[in-house]
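Take a look at the structure set out below.
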Amino acid sequence: MEKYVINGGNRLTGEVEISGAKNAAVAIIPATILAEGPCVIENIPSISDVSMIIRILYEMGASVKLVNKSTVEIDTAGIKKPVVPYEMARHMRASYYFLGSLLGKFNTARVSMPGGCDFGTRPIDQHLKGFKSLGAEYSIDHGMVDVHANTLIGSQIYFDVVTVGATINVMLAAVKAAGLTIIENAAKEPHIVDLANFLNSMGADIMGAGTDVIKIRGVEHLKGTAYSIIPDQIEAGTYMAAAVATKGDVLVKNVIPKHLESISAKLEKIGATIEEYDDSIRVQMDGPIQKASVKTLPHPGFPTDMQPQITALLTLAEGTSIVTEGVWDNRFRYVDELRRMGADISVDGKVAVIEGTGHLTAAPVKATDLRAGAAMIIAALAAEGQTEIEDIYHIERGYEDIEKKLRNLGADIKKISIPGGSVRKVI
Ligand code: EPU
């Protein structure tokens with residue numbers, strides 16, 4: 001087992017290069033199952049969630065060639081059986097994208113119930129409702145989800161909640177279905193648009209991605225393609241928040257500033273100066289961090305995947321801030337860890353009230369999930385003294401080379417092995 005040791009107090013300055021988007025990559029890689037030729041995918045982030053998705057494809061029979069650190073060539077012609085091995089898939093949320101892509105390709109799929117970060121209940125009823133509308137039957141037994149259709153037929157689907165996962169899964173299943181599928185109340189996240197662009201580059205006919213109505217006209221064949229994944233909105237937002245927390249001056253490169261608007265607006269409210277360029281953003285912070293109210297919402301609202309990071313930041317403000325979680329039932333489990341560092345936070349259901357004291361002190365803490373881990377890093381960078389963060393495998397699921405990138409910005413961070421600690425399998 002490994003942990004991060006961070007000596008707080010260094011201002012972050014300089015430039016950081018953002019990697020490809022995790023939540024786009026984990027949808028696009030399973031989507032290669034639908035192609036009738038090899039796909040070359042560029043700007044793939046080097047993180048453990050992506051390694052696991054690629055490994056699942058490989059175990060199923062795909063050929064995978066690493067062209068360079070961030071480019072892979074995937075040929076899924078060798079996949080003959082639409083079944084995802086149980087042990088590999090059950091810990092990962094994104095493994096459910098194999099349901100949509102296998103169903104779309106083979107009209108049948110068997111995949112374990114997905115895992116992922118624990119934010120309370122994480123149902124998949126909307127995914128199943130979508131598959132059913134396309135003509136599929138489903139059953140769940142022994143932890144496995146089975147979906148099967150004689151023929152997939154385009155249909156009109158209205159989601160009861162805005163869901164990224166179900167929007168993506170239905171796109172994957174519908175792209176080769178006969179006729180027209182209309183998804184209403186669709187999610188609008190940048191990775192939905194990226195997946196639609198990827199599928200369209202394979203020959204799909206998808207319109208409206210990025211709005212709440214997506215129209216998919218089924219096609220018979222999808223060809224191999226070459227495609228570059230968009231930059232990671234949340235990785236970028238995390239470095240922006242870290243720059244503010246340390247009163248730094250950071251140029252965040254390889255970003256799409258439009259995807260960061262809700263984050264930039266909130267950081268400006270907190271007191272930061274933000275300058276947008278074509279594909280980079282400069283974040284500077286001089287004065288005191290101001291209190292703020294934040295509510296997370298589906299895109300284009302403030303992203304839930306930035307909620308722990310902004311909460312950590314607001315513990316450094318003077319005065320009372322309020323953070324409301326508008327997507328997940330229970331995404332404040334990590335506040336106990338921030339309390340160890342002196343944060344005064346009370347949580348009532350989906351609302352956290354932060355009595356900012358202007359500073360934090362170092363403590364031994366752990367990453368309770370991926371973004372909570374990022375929040376601990378932000379807190380540690382600003383805290384007085386040496387913080388040790390355990391369970392960092394959560395962080396490495398979604399942040400490429402975070403330790404190196406932060407060190408390049410001037411942070412005092414190192415990763416050390418915990419003597420006698422058992423090696424936890426990274427999933
Ligand atoms: N929901 C349902 N029924 C469903 C599906 C979702 O009620 O069938 C509810 C959920 O319980 C939740 C809301 O709808 O309250 C939104 O869930 P969504 O389906 O949008 O989430 P997801 O697809 O499981 C993805 C990201 C998460 C991110 C959310 C929201 C991936 C692999 N995961 O999850 O990312 O928080 O969208 O934007 O894309 C992360 O990267 O740290 C992360 C957790």
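Numbering of ligands and ligand atoms starts at 1, following listing order. Everything numeric here is computed off the predicted structure, so don't read it as measured data. Along the sequence shown, the residues carry numbers beginning at 1.
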Excluding sequence neighbours, so at least two apart, what forms side chain to side chain donor-acceptor pair (under 3.5 Å) with Ser201?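 If we apply the side chain to side chain donor-acceptor pair (under 3.5 Å) test to Ser201, skipping adjacent residues, the hits are Thr225.
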Using distance alone, determine whether Val327 and ligand 1 share an N or O pair under 3.5 Å. yes
For His191 and ligand 1, does the shortest N/O to N/O distance drop below 3.5 Å?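 No: no nitrogen or oxygen of His191 is under 3.5 Å from one in ligand 1.
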Using a strict cut-off of 4.0 Å, indicate which atoms of ligand 1 neighbour a heavy atom of [X].
{"X": "Leu370", "result": "42 (O)"}
{"X": "Arg331", "result": "36 (O), 42 (O), 44 (C)"}
{"X": "Thr304", "result": "30 (C), 36 (O), 38 (O)"}
{"X": "Gln126", "result": "3 (N), 4 (C), 8 (O)"}
{"X": "Lys22", "result": "40 (C), 41 (O)"}
{"X": "Val164", "result": "18 (P), 19 (O), 20 (O), 23 (O), 37 (O), 38 (O)"}
{"X": "Gly165", "result": "19 (O), 23 (O)"}

What I want to find out is whether Lys69 reaches Glu400 closely enough, with some N-O distance under 4.0 Å, to be called a salt bridge. yes
Check this for me: does any side-chain nitrogen of one of Glu73 and Lys65 sit under 4.0 Å from a carboxylate oxygen of the other?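 Between Lys65 and Glu73 there is a salt bridge, with a charged N closer than 4.0 Å to a carboxylate O.
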Value for OG (Ser48) from CD (Glu396), rounded to nearest 0.5 Å, stands at 7.0 Å
To the nearest 0.5 Å, how far apart are CG in Leu12 and CG in Asn408?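 Separation between the atoms: 11.0 Å.
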Ligand 1 versus Phe159, non-hydrogen atoms closer than 4.0 Å: side chain, backbone, both, neither? neither
Applying a heavy-atom cut-off of 4.0 Å, say which part of Asp125 lies close to ligand 1: side chain, backbone, both or neither.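 The part of Asp125 near ligand 1 is both the backbone and the side chain.
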Strictly under 4.0 Å, does any heavy atom of Val162 approach an atom of ligand 1?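 The answer is yes, since Val162 has a heavy atom less than 4.0 Å from ligand 1.
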Among [options], which one has a heavy atom closest to [atom]?
{"atom": "atom 7 (O) of ligand 1", "options": "Ala94, Pro123, Ala166, Pro298", "result": "Pro123"}
{"atom": "atom 42 (O) of ligand 1", "options": "Glu235, His127, Arg371", "result": "Arg371"}
{"atom": "atom 27 (C) of ligand 1", "options": "Asp329, Asn330, Thr296, Asp305", "result": "Asp305"}
{"atom": "atom 19 (O) of ligand 1", "options": "Asp160, Thr163, Ile234", "result": "Thr163"}

Mind listing the closest non-hydrogen atom pair of Pro257 and Tyr277 along with its distance? CG-O, 3.2 Å
Looking at every non-hydrogen atom in both residues, tell me the closest pair between Lys188 and Asp212 and how far apart they are. CD-N, 3.9 Å
Please determine, by modelled atom types, if Thr296 and Glu325 share a side-chain donor-acceptor pair under 3.5 angstrom.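 Looking only at side-chain atoms, Glu325 and Thr296 do form a donor-acceptor pair, the distance falling under 3.5 Å.
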Can you name the residues that form a salt bridge (charged side-chain N to carboxylate O under 4.0 Å, His left out) with Glu2, not counting sequence neighbours?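 Lys415.
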As a test of understanding, state which of Lys405, Lys22, Arg371 forms a salt bridge (Lys or Arg N to Asp or Glu O under 4.0 Å) with Glu235. Lys405
